[in-house]
Amino acid sequence: MDTEEIEKQHVVDALSSTGTILRVKDFVWCAEEWPDLTHDAYAEEIPVISLAAAVRYDDGEYDRRCREMVEASIEWGFFKLVDHGVSSEIMENFKDRCEEFFDLCTEEKMKGARSGGLPLGYSASNIDYGLNLPWAEIVQLLHSPQQVVHFTKNVYGDQNHQHFSDAIIEYMEAVDRLGMRILEMLARGLGLCDDFFTKNFKDKEQTMLRVNRYPPCPLPEKCLGLGSHSDPQTLTILLQDHVGGLQVQKNGEQWVGIRPVSGSFVVNIGDTLEAWTNGRLKSVVHRAVVNREKTRLSAAYFMSPARDAVIECPSHLVAGGGEGHGRKYAAFTWEDFRKELLKQRRVTGKTALKRYLLSPH
């Protein structure tokens with residue numbers, strides 16, 4: 001079957017929610033977004049950082065790892081983390097339960113369908129976008145045991161929810177501990193107090209988990225699992241399976257495929273942390289591509305500060321240069337930024353952060 005026939009005829013059952021029939025043509029993106037790299041095209045690699053020896057806060061090895069994180073975040077905005085302390089049992093149990101959920105029939109999954117203004121719960125693609133639909137099934141949940149249990153009971157019932165909800169909550173808590181450690185290490189590597197960032201993250205109500213499953217796609221050269229964007233939050237910790245698909249835009253130009261490494265996390269800087277560091281740490285545009293043969297699973301843990309946290313670069317990072325000279329971003333609260341994101345609904349590139357750019361002197 002040629003490309004035109006695929007676009008016209010192929011019904012996408014896995015991504016058609018109840019009452020909505022979608023065909024491949026509904027998922028074809030604008031030509032300028034078509035990926036020029038396949039899902040398994042790997043060349044240059046992002047830095048790999050091991051935490052195996054970074055145990056004591058008062059030794060040179062710990063400080064070296066802190067500097068490595070900062071250097072990777074300046075150059076790439078991304079790094080892989082190994083020997084991170086999250087047990088393989090927690091990670092595998094989480095992935096298994098997510099796969100079991102996505103394997104449910106559509107009617108069962110739609111019991112947990114998202115509703116209201118916030119994109120929480122299950123969605124098959126996202127028909128709100130109208131154009132450029134993501135080729136993905138998605139579950140988004142806040143870091144809230146109560147919300148996780150509520151969602152899971154809706155899907156599995158009161159008696160059968162625990163296998164899923166326990167795995168999600170255990171995973172969130174383990175990854176959050178890791179995220180707090182990463183934020184401490186980035187602060188130290190920048191010459192800040194260890195708790196400069198983490199003191200704003202005691203409240204988890206703004207932190208969110210997004211699990212994506214990308215089915216095989218008959219037209220991967222024209223469709224995307226997730227379009228090019230940067231993450232607006234502070235820090236993202238991504239778990240991937242063995243199927244490639246994450247691609248990062250280096251220096252705003254060249255796309256680089258990120259090779260999956262078993263047992264690792266991919267960590268990237270969000271827009272909020274770029275502003276917090278005066279542009280020194282980079283929030284980099286990335287995307288998820290799909291393929292014809294293999295299903296891919298990924299889970300992104302998005303760390304966000306408390307609503308009233310003020311995102312303002314400390315003076316010594318401004319004086320230290322960052323990018324250019326002087327203060328690059330106006331101060332804002334996470335709640336202000338979040339409201340802008342909800343207004344825009346769909347962010348491409350880093351348009352939301354641009355709102356806070358200060359004019360150069």
Side-chain angles (χ1 to χ4, degrees), residues 10-24 26-27 90-130 132-176 204-217 223 225-226 238-241 243 288 290 295-302 304 341-342 345-346:
H10 195 101
V11 174
V12 188
D13 290 329
L15 301 181
S16 296
S17 56
T18 303
T20 306
I21 302 300
L22 296 172
R23 289 177 168 78
V24 173
D26 298 311
F27 292 87
I90 289 175
M91 297 168 74
E92 292 305 315
N93 186 40
F94 168 75
K95 286 193 288 187
D96 289 346
R97 301 292 81 77
C98 289
E99 292 283 12
E100 288 174 3
F101 170 83
F102 285 119
D103 284 343
L104 295 173
C105 66
T106 299
E107 289 73 21
E108 293 296 308
K109 288 182 285 193
M110 289 302 291
K111 292 177 182 177
R114 71 186 188 92
S115 60
L118 292 174
L120 301 174
Y122 170 77
S123 59
S125 190
N126 190 339
I127 58 174
D128 289 351
Y129 287 168
N132 293 352
L133 295 181
W135 187 274
E137 291 184 87
I138 299 160
V139 173
Q140 291 195 148
L141 298 167
L142 293 176
H143 185 140
S144 160
Q146 294 80 10
Q147 201 234 341
V148 171
V149 170
H150 177 74
F151 166 82
T152 313
K153 283 184 174 181
N154 284 343
V155 175
Y156 292 98
D158 289 350
Q159 304 303 315
N160 301 311
H161 74 90
Q162 207 157 0
H163 68 301
F164 183 88
S165 56
D166 285 356
I168 300 299
I169 292 167
E170 184 179 42
Y171 178 79
M172 281 185 174
E173 290 176 349
V175 175
D176 191 76
K204 306 298 179 187
E205 67 170 349
Q206 297 294 300
T207 290
M208 184 175 69
L209 175 72
R210 173 180 170 128
V211 187
N212 309 288
R213 186 158 83 164
Y214 308 101
C217 176
C223 301
L226 200 58
L238 180 76
L239 177 66
Q240 301 188 86
D241 66 10
V243 181
V290 290
T295 296
R296 176 173 178 253
L297 184 79
S298 71
Y301 186 74
F302 299 110
S304 299
L341 294 169
L342 291 174
R345 193 171 67 174
R346 183 173 206 166

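The structure displayed is predicted, hence computed values, not measured ones. We're numbering straight along the sequence, starting at 1.
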Q: Could you tell me the separation between the SG atom of Cys98 and the CG atom of Asn212, rounded to the nearest 0.5 Å?
A: 10.0 Å
Q: First locate atom CD of Glu108, then atom CG of Asn154, and finally report the distance between them rounded to the nearest 0.5 Å.
A: 11.5 Å
Q.
Tell me the closest heavy-atom pair linking Phe27 and Pro134, and the distance in Å.
A. CE2-O, 3.6 Å
Q. Should Arg213 and Asp241 count as an ion pair when the cut-off is N to O under 4.0 Å?
A. no
Q.
Looking at Arg23, is its backbone amide N or carbonyl O close enough to the side chain of Asp26 to form a donor-acceptor pair, meaning the two atoms are under 3.5 Å apart?
A. yes
(Q) For the NE2 atom on His161, are there more than 12 heavy atoms of other groups (residues, nucleotides or ligands in this structure) within a distance under 6.0 Å? (A) yes
Q) Under 3.5 Å, side chain of Ser298 to main-chain N/O of Leu239, donor-acceptor pair present? A) no
Q. Hey, what do you get for CG (Leu297) to CZ (Phe94), rounding to the nearest 0.5 Å?
A. 7.0 Å
Q.
If you compare all heavy atoms of Gly225 against all heavy atoms of Val290, which two are closest, and at what distance to 0.1 Å?
A. N-CG1, 3.7 Å
Q: Could you tell me whether a side-chain N or O of Arg296 sits under 3.5 Å from a main-chain N or O of Val243, the two making a donor and an acceptor?
A: yes
Q) Hey, does Lys204 have a side-chain heavy atom less than 4.5 Å from the side chain of Met172? A) no
(Q) Is any side-chain heavy atom of His163 closer than 4.5 Å to one of Tyr156? (A) yes
Q) Which residues satisfy the ring-ring contact (aromatic ring centres under 6.0 Å, His included) test with Phe101, sequence neighbours excluded? A) Tyr122, Phe151, Phe164
Q. Are Val155 and Leu104 side-chain neighbours, meaning at least one heavy-atom pair lies under 4.5 Å?
A. yes
Q: Please round to the nearest 0.5 Å and tell me the distance separating atom CG of Leu141 and atom CD1 of Ile169.
A: 9.5 Å
Q. Once you round to the nearest 0.5 Å, how far does CZ of Arg97 lie from CD of Glu92?
A. 10.5 Å
Q. Is the closest side-chain heavy-atom distance between Leu226 and Arg210 below 4.5 Å?
A. yes
Q: Look up atom CZ in Phe102 and atom OG1 in Thr295, then write down how far apart they are to the nearest 0.5 Å.
A: 11.0 Å
Q) Should Gln140 and Arg114 count as side-chain neighbours, where that means a heavy-atom distance under 4.5 Å? A) no
Q.
side chain to side chain contact (heavy atoms under 4.5 Å, CB included) for Thr152 and Ile168? Distances and angles first, verdict last.
A. CA-CA 10 Å; Thr152 313; Ile168 300 299; 5.7 Å; no
Q. Where do Ala174 and Ile90 come nearest, in terms of heavy atoms and distance?
A. CB-CD1, 4.2 Å
